[in-house]
Amino acid sequence: MTAPLRPARRVRSVFDRLYTAYGPQGWWPADTRFEIFVGAVLTQNAAWTNVEYALDHLRAADALDAATIAAMEPDRLGALIRPSGYYNIKARRLQALCRFVVEAGGIEVLARRETDALRADLLAVHGIGHETADDIVLYAFHRPVFVIDAYTRRIFSRLGMCAGHEPYDELRMGFERALGADVPVFQEYHGLIVNHAKAACRKQPACADCCLRRMCPVGRGESSP
DNA sequence: ACCCAGGGTCATA
DNA sequence: TATGACCATGGG
């Protein structure tokens, strides 16, 4: 698999089928830009329903802003975000991110930064990895950066379009080459991938009524899971 | 009871 | 570069 995610037409075809099957996803589900920052950390290896509970608690405590969270007692923050899991770790990560926002001068200042520099600085924050950084860059700042997650690897390796264990940036740039710098498509595509993974690919045998059946070696009986 | 969720860090080889 | 332990709640 020297050149993953090729030909580009195939990558676009997957998008078309997912979009036809599920419609627009409207990602990221958030009221404000700062909520995307917080949600991106809280959703790390956690169900989104649990993240909503945590966001509700922060809202109810009037603590949904960077300065407040940065200055909060860690144990109190942990108690507020408890339902999203890993609450001690995530409290620390959230404070690191909020400290970064405050020191930068606020989200409006960050919004003027160049995409690559912004991405690099977010990655340098404790607890912010590739996916979390790119969630923020794509959904909060509307920059053309494609988000790779475990579902993306699973679905596209199953389709035979990548090995699945490539380095993050190799896959990310593969999608960006195939699709061009298209922010609305990137935003929808990632949401569709997550939705599809939950809607279809987890129930086995998955391929009988899967919208990607005709593109899938497994769905056409060419190999076995 | 078991499995996993819209990951990331850290230690180790 | 690449594994593995660890973190923790709630829903199926």
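Computed from a prediction, not measured in an experiment: that's the story for all the values here. Each chain gets a letter, A, B and so on, in the order its sequence line appears, and its residues count up from 1.
Atom CZ of A/Arg17 sits in a crowded spot, with more than 12 heavy atoms from other residues, nucleotides or ligands closer than 6.0 Å.
Across all strands shown, B/dA1 has no partner, as no Watson-Crick or G-U wobble contact with both distances under 3.5 Å is found.
Per the stacking criterion (ring centres < 5.5 Å, plane angle < 30°), A/Tyr151 does not stack onto the base of B/dA5.
A/Leu97 and A/Leu77 fall within a single hydrophobic cluster, where Ile, Leu, Val, Met, Phe, Trp and Tyr are joined by side-chain heavy atoms under 4.5 Å apart, directly or via other members.
Between A/Asp149 atom CG and B/dG7 atom P the separation is 6 Å, expressed in whole Å. Rounded to whole angstrom, the span from the CG atom of A/Leu94 across to the P atom of B/dG7 amounts to 16 Å. In this structure, the CZ atom of A/Arg153 is 11 Å from the P atom of C/dA2, given to the nearest Å. Rounded to whole Å, atom C1' of B/dG6 lies 13 Å from atom CG of A/Leu55. Rounded to whole Å, the distance from NE2 on A/His126 to C1' on B/dG8 is 8 Å. To the nearest angstrom, P of C/dA2 lies 17 Å from OH of A/Tyr168. Atom-to-atom, CD of A/Gln44 to P of C/dC7 comes out at 16 Å; the value is rounded to the nearest Å. A straight line from CG of A/Leu97 to P of B/dG7 spans 17 Å, rounded to a whole angstrom.
With P as the reference atom, B/dA1 and C/dA8 are 22 Å apart, rounded to whole Å. Here, B/dG6 and C/dT3 have their C1' atoms 24 Å apart, quoted to the whole Å. The gap from the P atom of B/dG8 to that of C/dG10 amounts to 22 Å, rounded to the nearest Å.
A side-chain donor-acceptor contact under 3.5 Å links A/Asp149 and A/Thr152. Counted by atom type alone, A/Asp16 and A/Ser13 present zero donor-acceptor pairs between their side chains at under 3.5 Å.
Taking side-chain N and O atoms only, A/Lys198 has no distance below 4.0 Å to OP1 or OP2 of B/dA5. Under 4.0 angstrom from either OP1 or OP2 of B/dA5 there lies at least one side-chain N or O belonging to A/Arg154.
Less than 6.0 angstrom separates the ring centroid of A/Tyr22 from the ring centroid of A/His196.
Contacts of A/Tyr87 with the nucleic acid, taken as non-hydrogen atoms under 4.0 Å apart, involve only primed sugar atoms and P, OP1 or OP2. A/Asn88 comes within 4.0 angstrom of the backbone, heavy atoms only, and of no base. Within the 4.0 angstrom heavy-atom criterion, only backbone atoms of the sugar-phosphate kind lie near A/His130; the bases stay farther away. Counting any heavy atom pair closer than 4.0 Å across all strands shown, A/Ile193 reaches no nucleic acid atom. Nucleic acid contact class of A/His190 (heavy atoms, under 4.0 Å, all strands): none. Looking at heavy-atom distances under 4.0 Å, A/Thr132 makes contact with sugar-phosphate atoms alone, never a base.
The pair A/Glu176-A/Arg172 meets the salt-bridge criterion, since a charged nitrogen lies less than 4.0 angstrom from a carboxylate oxygen. Note on A/Asp134 versus A/Arg143: no salt bridge recorded, every NZ/NE/NH1/NH2 to OD/OE distance being 4.0 Å or above.
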Verdict with reasoning, A/Asp116 to A/Arg119, per salt bridge (Lys or Arg N to Asp or Glu O under 4.0 Å) = CA-CA 5 Å; A/Asp116 289 337; A/Arg119 224 177 142 262; 5.7 Å; no
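Among B/dT9, C/dA8, B/dG6, the nucleotide with an atom closest to any side-chain atom of A/Tyr86 is C/dA8.
Projected onto DNA chain B by closest heavy-atom contact, A/Ala46 and A/Leu123 fall at different nucleotides, the more 5' of which corresponds to A/Ala46.
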Are there any protein N/O atoms within less than 3.5 Å of an N/O atom in nucleotides 10-12 of chain C, and if so, which ones and at what distance?
unit_1 : atom_1 : unit_2  : atom_2 : d
C/dG10 : O4'    : A/Asn50 : OD1    : 3.2
C/dG10 : O4'    : A/Asn50 : ND2    : 3.0
C/dG11 : OP1    : A/Tyr53 : OH     : 3.0

